[in-house]
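Encoded as structure tokens, the structure appears first; notes follow it.
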Amino acid sequence: MVASNARLTKGCDGSILIDDGPDPEKGAFSHQGVRGFDVIERAKAQLEESCPGVVSCADIVALAARDAIIMANGPAYQVPTGRRDGLVSKKSLADDMPDVSDSIQILKAKFLNKGLTEKDLVLLSAAHTIGTTACFFMTKRLYNFFPIGGGSDPAISPNFLPELKARCPQGGDVNVRLAIDEGSDKKFDKHILQNVREGFAVLESDARLNDDIVTKSVIDSYFGPLNPIFGPSFEADFVQSIVKMGQIGVKTGSNGAIRRVCSSFN
């Protein structure tokens with residue numbers, strides 16, 4: 001769903017929602033699995049009937065993300081509002097966003113560029129505990145993994161690889177959907193981090209979190225023998241990270257607008 005998608009180009013300004021224009025951000029390869037645009041549009045239409053020109057599409061996305069997490073048994077939290085919608089949406093601006101095939105070094109650099117830490121990288125990746133992906137994001141990892149060439153990502157557990165290949169066979173339908181958090185895709189929890197630890201990560205970028213001593217230590221901190229009583233709280237830390245992400249590049253005043261329709265500039 002678009003509401004829980006953790007990708008930002010120029011900031012939390014609803015740029016991914018735009019359909020019009022010569023080459024909008026929505027057309028970027030990394031966004032092709034994003035869904036839920038219709039949900040945002042329906043919410044916007046109802047708000048415009050009651051209070052026209054008041055609530056931005058960017059705020060609707062942030063609030064919808066919060067509500068989706070709560071509905072999936074995740075933590076409740078307050079969402080700062082007052083964002084305005086961006087005035088630019090270009091596919092080229094998505095080039096510096098995290099990609100499923102990025103190395104852990106590239107992922108860390110991209111997050112740092114947005115003011116986010118290695119801990120934020122782990123926690124925001126854990127948002128993948130809810131939702132699905134498509135086989136077209138899996139093909140290279142399963143059948144042409146770099147630098148092996150022609151093989152599969154060795155980080156995939158041999159107990160999981162046959163199942164992934166069965167769901168996404170070589171030459172098969174690349175639009176087939178599969179759960180990102182194998183075994184717990186409809187509940188918000190830290191199960192996806194357990195999958196990363198054990199080689200059951202579906203997305204390559206999630207698996208890469210286990211390649212770095214810092215991000216791996218963050219994951220491990222949520223599975224200590226005394227956690228969660230005396231260890232860090234995954235839910236509380238996640239809330240801090242997602243609220244922090246929602247403050248990136250916020251538009252105010254003349255830097256933005258309140259769109260009448262989320263998919264079009266005014």
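Numbers for residues simply follow the sequence, beginning at 1.
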Item to complete: List in chain and number order the residues that pass ring-ring contact (aromatic ring centres under 6.0 Å, His included) with Phe238, two or more places apart in sequence or in another chain; answer none if no residue qualifies.
Response: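 Phe188.
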Worksheet entry | Partners meeting ring-ring contact (aromatic ring centres under 6.0 Å, His included) with Phe265 (sequence neighbours left out) |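 With sequence neighbours excluded, Phe265 shows a ring-ring contact (aromatic ring centres under 6.0 Å, His included) to no residue whatsoever.
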Applying disulfide bond (SG atoms under 2.5 Å apart) as the test, list every pair that has at least one member in [range]; sequence neighbours left out.
| range | answer |
| --- | --- |
| residues 194-266 | Cys57-Cys262 |
| residues 81-127 | none |
| residues 107-183 | Cys135-Cys168 |

Fill in: Result of checking Thr133, Asn195, Asp206 against His128 for side chain to side chain donor-acceptor pair (under 3.5 Å)
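Testing each of Thr133, Asn195, Asp206 against His128, the sole residue satisfying side chain to side chain donor-acceptor pair (under 3.5 Å) is Asp206.
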Fill in: Matching residue for Gln194 among Glu198, His191, Lys190 - test: side chain to side chain donor-acceptor pair (under 3.5 Å)
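For Gln194, the side chain to side chain donor-acceptor pair (under 3.5 Å) test succeeds with only one of Glu198, His191, Lys190, which is Glu198.
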Discussion item. Considering only residues two or more places apart or on different chains, which pairs with a residue in residues 173-182 satisfy salt bridge (charged side-chain N to carboxylate O under 4.0 Å, His left out)?
Written reply: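 Every pair satisfying salt bridge (charged side-chain N to carboxylate O under 4.0 Å, His left out) with a residue in residues 173-182: Arg167-Glu182.
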Worksheet item: Ion pair present between Lys108 and Asp212, side-chain N to carboxylate O less than 4.0 angstrom?
Response: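 A salt bridge is present here (some side-chain N lies under 4.0 Å from a carboxylate O).
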Worksheet item: Taking Lys187 for the side chain and Asp185 for the main chain, is one N or O donor matched with an acceptor at less than 3.5 Å?
Response: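 No, Lys187 side chain to Asp185 backbone: no donor-acceptor pair under 3.5 Å.
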Worksheet entry | Arg84 side-chain N/O to Gly253 backbone N/O, donor-acceptor pair under 3.5 Å |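 Here the side-chain-to-backbone pair exists.
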Worksheet item: Other than Leu112, what residues sit in its cluster of Ile, Leu, Val, Met, Phe, Trp and Tyr side chains whose heavy atoms are under 4.5 Å apart, directly or through others?
Response: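 The other cluster members (ILVMFWY side chains, heavy atoms under 4.5 Å, direct or chained): none.
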Worksheet item: Cluster partners of Leu164, using ILVMFWY side-chain heavy atoms under 4.5 angstrom, listed by chain and number?
Response: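 Members besides Leu164, by chain and number: Met138, Leu142, Tyr143, Ile156, Phe160, Leu161, Leu178, Phe200, Val202.
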Roughly how far, to the nearest 0.5 Å, is the [atom2] atom of [Y] from the [atom1] atom of [X]?
| X | Y | atom1 | atom2 | result |
| --- | --- | --- | --- | --- |
| Asp85 | Arg260 | CG | CZ | 11.5 Å |
| Asp102 | Leu107 | CG | CG | 5.0 Å |
| Leu121 | Glu118 | CG | CD | 8.0 Å |

Discussion item. Holding to side chain to side chain contact (heavy atoms under 4.5 Å, CB included), I want the full list of residues that pass it with Asn144, two or more places apart in sequence or in another chain.
Written reply: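 Expected list: none.
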Worksheet item: Listed by chain and number, what are the side chain to side chain contact (heavy atoms under 4.5 Å, CB included) partners of Ile219, not counting sequence neighbours?
Response: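 Ile219: side chain to side chain contact (heavy atoms under 4.5 Å, CB included) contacts with Val122, Leu193, Val196, Arg197, Leu209, Phe223.
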Fill in: Pairing residues for Asp67 by the side-chain hydrogen bond (donor to acceptor under 3.5 Å, both in side chains) criterion, not counting sequence neighbours
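Result, side-chain hydrogen bond (donor to acceptor under 3.5 Å, both in side chains) vs Asp67: none returned.
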Worksheet item: Step by step, would you call Asp120 with Lys244 a salt bridge (Lys or Arg N to Asp or Glu O under 4.0 Å)?
Response: CA-CA 9 Å; Asp120 294 323; Lys244 180 179 179 182; 2.8 Å; yes
Worksheet item: Within 45° of the ring axis of Phe37 and under 6.0 Å from its six-membered ring centre, is that where the NZ or CZ of Lys26 lies?
Response: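 Yes, cation above the ring, under 6.0 Å and within 45°.
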May I have the list of side-chain donor-acceptor pairs in residues 70-77 shorter than 3.5 Å, sequence neighbours left out?
none

